[in-house]
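Working notes for the structure below.
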Amino acid sequence: MSAKPKILVALSGGVDSSVAAAMLVEEGYEVIGATLSFRSPDPAFAERQHCGAKSDFDSIEQLTAKLGIRHYVLDRYHEFESRVLRPSWEAYRSGLTPNPCCLCNPRVKFGELIAFAREQGCLALATGHYARIENGLLRRGRDRNKDQSYFLYRLTPEQLAFLRFPLGGIDKTEVRRRALALGLTVAAGRKESQDACFACDGECFAETLRRLFGELPEPGDFIYNGRKVGRHPGVHCCTIGQRKGLNVALGVPAYVAGIDAVSGEVELVTDEKMLECNAFAVEDLVLHRPLPANCFVQIRYRTPACPASVSVENGRVEVVPETPLRAVTPGQSAVFYDGEYLLGGGIIK
RNA sequence: AACCCCAUGGUGUAAUGGUAGCACAAAUGAUUUUGGUUCAUUUAGUCCAGGUUCGAAUCCUGGUGGGGUUG
């Protein structure tokens with residue numbers, strides 16, 4: 001009779017989750033693997049989706065064979081559609097730029113995997129995220145360049161208590177080294193890049209959502225200094241600070257500065273100073289600790305956190321960054337840190 | 001109707017007789033578990049037909065297209 005503690009590890013087919021699984025086996029856990037599938041039941045979508053590619057499963061197969069662990073595939077497309085894709089589309093169509101990943105993590109990815117882990121009698125769920133959990137508080141991954149704590153701020157205390165992040169204390173080069181040492185050739189050889197789970201080739205994610213929900217395109221005007229300078233295919237394809245893909249040649253780079261979902265007008269500026277923001281509000285809060293009057297705020301993934309003064313009132317945070325921030329975007333997540341520790345976050349108004 | 005001006009990559013421009021350059025846009029790649037940003041690389045042009053010249057985007061003639069002035 002095995003006395004080994006049992007743990008579920010989320011496997012994507014990438015190096016990170018593969019190495020996380022191997023580390024847990026080495027540590028003496030009884031490891032089982034699971035992968036969520038968000039593949040559309042509609043073949044027209046499924047065949048263009050990046051998620052659930054054959055190479056993912058080749059990689060997972062190689063891993064589970066090497067480690068001798070069981071692997072389950074959980075189809076959670078419907079949950080994903082109703083709890084992530086639909087709300088994301090509603091945000092895009094109203095001129096906001098949502099973080100689908102921030103919604104997916106607590107609502108679907110971790111929610112479903114934790115439920116499955118409990119069913120299987122596991123004591124914990126492990127993933128390949130670069131983040132740490134200390135005393136119930138999220139801490140940035142040791143590899144600051146790969147830190148993924150930003151996307152995890154909406155996880156609940158109950159979810160955090162059940163989670164393990166084996167990669168939180170090591171860096172990417174070490175992960176690659178271990179993958180090669182383990183002979184995980186498929187995973188190690190894969191490209192790093194990961195798009196949105198539901199992304200399709202040749203179009204932006206929001207455009208895929210529009211097709212998925214059968215909405216008509218609603219083109220509108222680009223406005224520069226009060227003049228119409230071009231057309232866009234719909235406000236869902238525009239985000240604050242965006243430069244690429246506008247198809248507007250003004251002789252100097254132009255950036256999206258404002259989106260009016262009602263009129264469909266998207267305002268462009270050529271002076272980047274116009275994108276700077278001195279104060280903004282954050283709502284739909286998830287707070288793990290009370291916010292001190294001064295902390296750090298991070299307004300998008302891979303943008304350095306900026307010192308800011310904050311005040312919380314009625315479920316709303318007023319943020320005044322120490323230096324103006326570029327392209328603060330409604331719908332995106334603002335996440336608050338005290339040094340390396342994640343205090344909470346919310347959605348930019 | 002007459003006269004004047006203009007015509008260069010998708011857009012805006014530079015080169016006034018000597019290898020057609022720049023910016024923006026676009027494409028590709030790098031980076032990235034959102035959207036973006038940023039970086040690198042690439043693609044692509046002298047309105048048409050003649051003429052002068054060793055050589056024409058550049059000078060001449062005509063045509064076409066656009067703008068303007070006069071009436």
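Keep in mind that what you see is a predicted model, and the values were worked out from it rather than measured. Computation of the quantities below employed the complete heavy-atom set of this structure, encompassing side-chain atoms and omitting hydrogens, waters and symmetry-equivalent molecules. Chain identifiers are assigned alphabetically (A, B, ...) following the order of the sequence lines, protein sequences preceding nucleic acid strands; residue numbering begins at 1 within each chain.
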**Asked** Any N or O donor-acceptor pair linking the side chain of A/Gln332 to the base of B/U34 at under 3.5 Å?
**Response** yes

**Message:** Nearest heavy atom decides the nucleotide; on that basis, is A/Gly128 or A/Asn247 closer to the 5' end of RNA chain B?
**Reply:** A/Asn247

**Request:** Write down the partner of B/G9 under the Watson-Crick or G-U wobble criteria, each distance required to be under 3.5 Å.
**Result:** none

**Separation of atom CG in A/Leu268 from atom C1' in B/U11, rounded to whole Å** = 15 Å

**Prompt:** A/Gln242 CD to B/A25 P: how many Å, rounded?
**Reply:** 11 Å

**Complete:** Only one of A/Leu36, A/Val9, A/Leu163, A/Val108 passes side chain to side chain contact (heavy atoms under 4.5 Å, CB included) with A/Leu113, and that residue is A/Leu36

**Asked** Rounding to a whole Å, what distance do you find between A/His129:NE2 and B/U32:C1'?
**Response** 14 Å

**Request:** Consider the side chain of A/Arg243, meaning its heavy atoms from C-beta on, and name the nucleotide among B/G36, B/U34, B/U37 that approaches it most closely.
**Result:** B/U37

**Request:** Sticking with atom C1', work out how far B/U16 lies from B/U64, rounded to a whole angstrom.
**Result:** 25 Å

**Asked** When you measure from the side chain of A/Arg302, which nucleotide among B/U31, B/G36, B/A25 comes out closest?
**Response** B/U31

**Prompt:** OP1 or OP2 of B/U32 less than 4.0 angstrom from a side-chain nitrogen or oxygen of A/Arg300, does that happen here?
**Reply:** no

**Separation of the C1' atoms in B/C5 and B/U53, to the nearest angstrom** = 27 Å

**Item:** Residue whose closest nucleotide on RNA chain B lies nearer the 5' end, A/Leu152 versus A/Val252
**Value:** A/Val252

**Message:** Under 4.0 Å, heavy atoms only, any strand: does A/Gln148 hit a base, just the sugar-phosphate, or nothing?
**Reply:** base

**Asked** Quick one: is A/Arg326 getting a side-chain N or O under 4.0 Å of the B/U37 phosphate, OP1 or OP2?
**Response** no

**Asked** Under 4.0 Å: is that the gap between some side-chain N or O of A/Tyr301 and OP1 or OP2 of B/G35?
**Response** no

**Request:** Give one of base, sugar-phosphate or nothing for A/Pro253, where a contact means two heavy atoms less than 4.0 Å apart.
**Result:** sugar-phosphate

**Request:** Answer yes or no: does a side-chain N or O of A/Lys146 lie under 4.0 Å from OP1 or OP2 of B/U32?
**Result:** yes

**Separation between the P atoms of B/U42 and B/G21, rounded to whole Å** = 13 Å

**Prompt:** Salt-bridged, A/Asp143 to A/Lys172, with N to O below 4.0 Å?
**Reply:** no

**Complete:** note: A/Glu203, atom CD; B/G36, atom P; distance rounded to Å ~ 12 Å

**Request:** Describe the nucleic acid contact of A/Leu246 in one word from base, sugar-phosphate, nothing, applying a heavy-atom distance below 4.0 Å.
**Result:** sugar-phosphate

**Request:** Look at the rings of A/Phe80 and A/Phe38 and say which category their plane angle falls in: under 30° parallel, 30 to 60° tilted, over 60° perpendicular.
**Result:** parallel

**Message:** Rounded to whole Å, please give me the gap between CZ in A/Phe151 and C1' in B/G36.
**Reply:** 12 Å

**Asked** Aromatic rings A/Phe205 and A/Tyr92: how do their planes relate, parallel, tilted or perpendicular, breaks at 30° and 60°?
**Response** perpendicular

**Asked** Charged N to carboxylate O below 4.0 Å: is that the case for A/Glu90 and A/Arg93?
**Response** yes

**Item:** Per A/Lys244 side chain, nearest of listed nucleotides B/U33, B/U37, B/G35
**Value:** B/U37

**Request:** Between B/C60 and B/U19, how far apart are the C1' atoms? Round to whole Å, please.
**Result:** 25 Å

**Prompt:** Does the ring center of A/Phe336 lie less than 6.0 Å from the ring center of A/His288?
**Reply:** no

**Request:** Kindly say whether, by distance alone, the side chain of A/Thr329 makes a donor-acceptor pair under 3.5 Å with the base of B/G35?
**Result:** yes

**Item:** Interatomic distance at P, B/G45 relative to B/U11, whole Å
**Value:** 13 Å

**Prompt:** From B/U38, B/G35, B/U11, pick the nucleotide closest to the side chain of A/Ala249?
**Reply:** B/U11

**Message:** If I pick the C1' atom on B/G67 and the same atom on B/G50, what distance separates them, to the nearest angstrom?
**Reply:** 26 Å

**Message:** Under a 3.5 Å cut-off for both contacts, is B/U34 paired Watson-Crick or G-U wobble with anything, and if yes, with which nucleotide?
**Reply:** none

**Asked** What interatomic distance, in whole Å, is found between C1' of B/G36 and the corresponding atom of B/U43?
**Response** 25 Å

**Message:** Could you tell me how far B/C47 sits from B/A40 if I compare only their P atoms? Round to whole Å.
**Reply:** 32 Å

**Request:** Would you classify A/Val256 as touching base, sugar-phosphate or nothing, given that sugar-phosphate means primed atoms plus P, OP1 and OP2, and contacts are heavy atoms under 4.0 Å?
**Result:** nothing

**Integer-rounded Å distance: B/U34 P and A/Gln298 CD** = 13 Å

**Item:** Opposite nucleotide pairing with B/G50, Watson-Crick or G-U, both atom distances under 3.5 Å
**Value:** B/C60

**Asked** How are the rings of A/His236 and A/Trp89 set relative to one another: parallel (under 30°), tilted (30 to 60°) or perpendicular (over 60°)?
**Response** perpendicular

**Asked** Say you draw a straight line from CZ of A/Arg144 to CZ of A/Arg302; how long is it, rounded to the nearest 0.5 Å?
**Response** 11.5 Å

**Request:** Tell which nucleotide pairs with B/U42, taking only Watson-Crick or G-U wobble pairs whose two distances are both under 3.5 angstrom.
**Result:** B/A26

**Prompt:** Nearest-Å distance, CZ (A/Arg86) to P (B/U34)?
**Reply:** 23 Å

**Asked** At under 4.0 Å between heavy atoms, what does A/Gly331 touch on the DNA or RNA strands: base, sugar-phosphate, or nothing?
**Response** nothing

**Fill in**
Rounded to whole Å, the CZ-C1' distance (A/Phe38 to B/U34) equals 14 Å

**Prompt:** Can you tell me if the side-chain N/O atoms of A/Tyr130 get under 4.0 Å from OP1 or OP2 in B/U32?
**Reply:** no

**Request:** Could you tell me which nucleotide pairs with B/U69 by Watson-Crick or G-U wobble geometry, both distances under 3.5 Å, or answer none if nothing does?
**Result:** B/A2

